[in-house]
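Just so it is clear, the values below take in all heavy atoms, side chains as well, and ignore hydrogens, waters and symmetry mates. Just so you know, these numbers come straight off a predicted model, no measurement behind them.
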Amino acid sequence: METVLFYAGFLGSIAPMEIPFDCTQCGRCCHDLRLTLSVEEARAWATNGHQVDLLAEGWAWTDYANEADPAIAWRKATTFSAMVGDVPFRINLRLVARYEGPCPHLLPDMRCGNYEARPRICRIYPLESRPFEAMTPEKRRCPPEAWGKGLPVLERNGEPAETEPRAILSQHRQTMVDDVPRKAQLAAALGFTEAALAGEGLATCEASPTTLLAALEIADQSRTAPRPNWSIVTNRETTRAMLADLDCPARLVATGYGFLSAFADER
């Protein structure tokens, strides 16, 4: 399979932009988890009895999409095609480990009890896992003393400064591409066919670990690409009305179970 590499890649005009960082082992990033996982990482997490949610968002997609744009190319590479009514969409499906409180692998001294098998997203933190998104210390849970002059350089010109985290980040992003067909099969096995309109929020499927594992087994045995009809969920009446005008099935919901919104509910 062809390897697809994506990096943020912003350059300073005069001197390299460097972000110094050193982990303080404060354990903040190991509490109240929302971890983006690969399919196999999700299987391992669910096998241990922990929750993995499916989060879905969708973009209307036309033949005029500028796939020469690296950001558009990444979006296409990490989504699968679907129809919402008669309108072609691309669906992004994320597998997210959810755990309230301290991670079940967090030891009393703030070390990881699953260190050798921890997910890639944990291995690269606090680096930004998504290309074309800048990593900003203010959005990380690490304390102020983890950042500052004199500490090892974490990131230089938008890319990991060290070889090992650079390789892990590349693997993480590549897996996000490689897993797309299996995610489509997984959604079909779970009967999950709703997405939020991109930028408005995320539709969620909160299957139990047992249900998720059974659906993964079905997905692994599937040999044909699923072609279910998808629909959009939104908490904004203006969005629902716009989609109705396009004959796209859409459902008006309130923020809460099944829908994580970026906006206040609109009726």
Under 3.5 Å, side-chain donor or acceptor atoms of residues 223-231 against the rest of the protein: list the pairs with distances, not counting sequence neighbours.
unit_1: R223; atom_1: NH1; unit_2: D220; atom_2: O; d: 3.1
unit_1: R223; atom_1: NH1; unit_2: Q221; atom_2: O; d: 3.3
unit_1: R227; atom_1: NH1; unit_2: S81; atom_2: OG; d: 3.4

Indicate every side-chain donor-acceptor pair of residues 245-255 with a distance under 3.5 Å to a residue at least two apart or in another chain.
unit_1: R251; atom_1: NE; unit_2: E194; atom_2: OE2; d: 3.0
unit_1: R251; atom_1: NH2; unit_2: E194; atom_2: OE1; d: 2.8
unit_1: R251; atom_1: NH2; unit_2: E194; atom_2: OE2; d: 3.2
unit_1: T255; atom_1: OG1; unit_2: N235; atom_2: ND2; d: 3.4
unit_1: T255; atom_1: OG1; unit_2: D265; atom_2: OD1; d: 2.7

Before giving the answer on salt bridge (Lys or Arg N to Asp or Glu O under 4.0 Å), spell out for R34 and E100 the whole-Å C-alpha distance, their side-chain angles and the decisive distance to 0.1 Å.
CA-CA 9 Å; R34 303 293 186 274; E100 305 302 333; 2.7 Å; yes
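With contacts defined as side-chain heavy-atom distances shorter than 4.5 Å, the pair N92/R90 does not qualify. Looking at heavy atoms from C-beta onward, M176 lies in side-chain contact with T36 at the 4.5 angstrom threshold. Counting only heavy atoms from C-beta outward, the side chains of T175 and V39 never approach each other to under 4.5 Å.
The only option from E200, R267, M242 that meets the side-chain contact (heavy atoms from CB on, under 4.5 Å) definition with R236 turns out to be E200.
Cluster partners of Y125 are absent, since no Ile, Leu, Val, Met, Phe, Trp or Tyr has side-chain heavy atoms less than 4.5 Å from it.
In this structure W147 satisfies the ring-ring contact (aromatic ring centres under 6.0 Å, His included) test together with F21, sequence neighbours excluded. Remark: E40 pairs with R43, R182 by the side chain to side chain donor-acceptor pair (under 3.5 Å) rule, at least two apart or across chains. Applying the salt bridge (Lys or Arg N to Asp or Glu O under 4.0 Å) test to R111 and every residue at least two apart in sequence or in another chain returns D109.
Here R140 pairs with E128 in a salt bridge; the nearest charged N to carboxylate O distance falls below 4.0 Å.
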